[in-house]
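Notes to accompany the following structure.
Proteins come first, then strands; the chains are lettered A, B, ... in the order of their sequence lines, and each starts at number 1.
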Amino acid sequence: MRIALAPGPGSAGLLRRLRDDGTPDGPAEQVSDLTAAVAAAEAVGQVRWVWRAGRLCYPQLLRSGVRVRRCHDTELVGSLLRARDATPEAPGAASGQGAPAVAGAGQAQFEFDSGAADPAGELAAVVELHARQLASIQADAQPARLALLAAAESAGGLAAAEMSAAGLPWRADIHDRLLTGLLGERPPMISGPPLRPARLTELTAQISAALGVARPVNPDSPVQLRQALAAGGVRVSSTRSAVLRQVDHPVIPLLLEYKELARLYAANGWSWLDAWVSGGRFRPEYVVGGVVSGRWASRGGGALQIPKVLRQAVVADPGWVLVVADAAQLEPRVLAALAGDRSFARAAAEGDVYAAVASAIGGDRATAKVALLSAMYGGSGGDSRQSLALFRRRFPDAAAYVEHAARAGQEGRVVRSVLGRTCPPPSAAWRELTSDSADPDQERDPGAGAAARARGRFTRNFVVQASAADWALVMLAALRSLLTAAPRSVPVPLPELVFFLHDEVIVHCPTSQQDRVVAAVQAAAAEATRLVFGATEVSFPMTTAVVGCYADAK
DNA sequence: AACAGGTGCGCG
DNA sequence: AAAGCGCGCACCTGTT
């Protein structure tokens, strides 16, 4: 059963039952307590809520303790369909001029036109959009796959809101102790230029002394630092750690230590703690579909870049544990399943893919890993050349799959993930830059080849990264539903999804539930593999660790 | 004072 | 000859 929903005014809202094709099945109904109405409908049966966006509608429900199982998120589905239908401007090959930008056919088709301050207007818009989106999915060349993607993306919207509401358990006291140990006491908050923690001040002085400069150098300034290094006879192309590490000079260890600590202080120091951790939880805001490949992004708090040292602060509540699960070597396995390469699929059938590839190409594991990464990322650096050639000879179908995607990108075409997520078309500037000139006298821009190859690397990687994101999203959706659907003879708090990062998920659960959660993770992975890739020899194992502290997972 | 773009580094 | 994919965020620098 589908029910369209529009919130407001206040705690009231509008509901309208829909048939499975999206047409209304009755009149719109006003309810005075929307949350209660949603809870009541969820208790009775399997509802798919049809709403403008979980991002907008769901947090309110969660605050009242109401969860929903399924939804159709017109905002998220709309952005999938817009990406699919986006058409680049006509190539400017003949004239060398970029053709004027023409809105793609689907450009305006899946958007909200009303500001929807009025619930009736929003409900009508939702109902109409939903029907149009269902029809558009049915008209796709691969309707079943796209429908799965739409459902998974919508479920992702639910999971994201639930994870933000639950929060990642975070011990501010441990974090604070860690900072103090590494940086010294927290600098007092005063007006004027911010004070540095003691350890950073100390290092700054030592760095200036080691460089023998009269005026103190600000190590945060690449310009100043490069000048000071040059004055000391050290010439570097940049002040990146990787570059500095190759230099032999007494100041280098000081600089490397400074960089590491300054980064921790700036990105995840006390201010971060004040801003993002409250009530023992870190509550990031996830942006579902925020990356073109379908990976999630985040807004504020740098949720997807928590440094490894801070994992010490992620500690389960008393009587609870963290189940940390990670899809092992996801991208190579995805390539194996995508490409239908028999030999490669056999290599990815179990165990360590890199080791299996190594024995197939007669090299060591590290070489095999470089070859695989080069195949998936488009690298061609000196060391990878030979191993990549071996890889291509031994696994021709896998190599051909990514090379085909690279060629499409270079030629300005788009590529799609296994479930039909489409990469963006090239920009007008790219087309302009790379278009062949009809005028033989006109110099071709020397950057044209580089731009074409860069797009080739992007689409080469897109088919793998986006298909991996498809798999992970379906896995997350399956896990979410397994965790909440589990029968509970004794009332025990439900396990909670608390973190998701590309190929890794953390569930916080009562200790008594840990075995069930681990089993659910494995079941979710198997389900995702079946739904996304059908019958395949490739396995997608998930490693799981049951720990009290995130830092103790692998 | 505010902004844009570059640099650098954290994560996968 | 140059060369790996995708992000978010903080700081610096030059400009308005």
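When the C1' atom of C:dG6 is taken as reference, atom CG of A:L330 falls 14 Å away, rounded to whole Å. In this structure, the CZ atom of A:R226 is 14 Å from the C1' atom of B:dG8, given to the nearest Å. Counting to the nearest Å, the P atom of C:dG4 and the CZ atom of A:F391 are 20 Å from each other. Following rounding to the nearest Å, A:F282 (CZ) and C:dG8 (C1') show an atom-to-atom distance of 11 Å. A:L225 places its CG atom 11 Å from the P atom of C:dT13, with the value rounded to the nearest Å. Computed from coordinates, the A:Y265 OH to B:dG8 C1' distance equals 19 Å when rounded to whole Å. With rounding to whole Å, A:Y258 atom OH is found 12 Å from B:dC9 atom P. Rounding to whole angstrom units, CD of residue A:Q410 and P of C:dG4 are separated by 15 Å.
A:W471 is not listed as a side-chain neighbour of A:R333, based on a closest heavy-atom distance of 4.5 Å or more.
Residue A:N268 is classed as having no contact, given no heavy-atom separation below 4.0 Å to the nucleic acid. If you check every strand for non-hydrogen atoms under 4.0 Å, A:R311 touches sugar and phosphate atoms only. Using a 4.0 Å heavy-atom criterion, one finds that A:V464 contacts no nucleic acid atom at all. Contact annotation for A:R263: base contact, defined as any heavy-atom pair under 4.0 Å involving a base atom.
Side-chain N/O atoms of A:Y58 and A:E162 include a donor and acceptor closer than 3.5 Å.
When the C1' atom is compared between C:dA2 and B:dC9, the two are found 23 Å apart, to the nearest whole Å.
Only A:R295, A:L304, A:Q305, A:I306, A:P307, A:K308, listed by number, bring a heavy atom of residues 287-310 of chain A to less than 4.0 angstrom from any atom of DNA chain B.
Contact annotation: A:R457 side-chain N/O to C:dC5 OP1/OP2 distance is under 4.0 Å. Side-chain nitrogen and oxygen atoms of A:K259 include none within less than 4.0 Å of the OP1 or OP2 phosphate oxygen of B:dG8. One finds no side-chain N or O of A:S241 lying less than 4.0 angstrom from the OP1 or OP2 phosphate oxygen of B:dG8. Residue A:S221 places none of its side-chain N or O atoms closer than 4.0 Å to OP1 or OP2 of C:dC11.
Mapping A:A454 and A:D220 onto DNA chain C by nearest heavy atom places A:A454 closer to the 5' end of the strand.
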Run the numbers on A:F391 and A:F344 for ring-ring contact (aromatic ring centres under 6.0 Å, His included), then give the verdict. CA-CA 10 Å; A:F391 178 82; A:F344 195 20; 5.6 Å; yes
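By the 4.0 Å N-to-carboxylate-O rule, A:D397 lies too far from A:R392 to be salt-bridged with it. A salt bridge links A:R365 with A:D352: the closest approach of a Lys/Arg side-chain nitrogen to an acidic carboxylate oxygen falls below 4.0 angstrom.
Using N1 to N3 plus N6-O4 or O6-N4 for Watson-Crick, or N1-O2 and O6-N3 for G-U wobble, each under 3.5 Å, C:dG4 pairs with nothing.
For A:F282 and A:W272, the ring centers are positioned less than 6.0 Å apart. Under the 6.0 Å cut-off for aromatic ring centres, A:F395 and A:Y401 do not qualify, their centroids lying 6.0 Å or more apart. Aromatic ring centres of A:F540 and A:F533: separated by under 6.0 Å.
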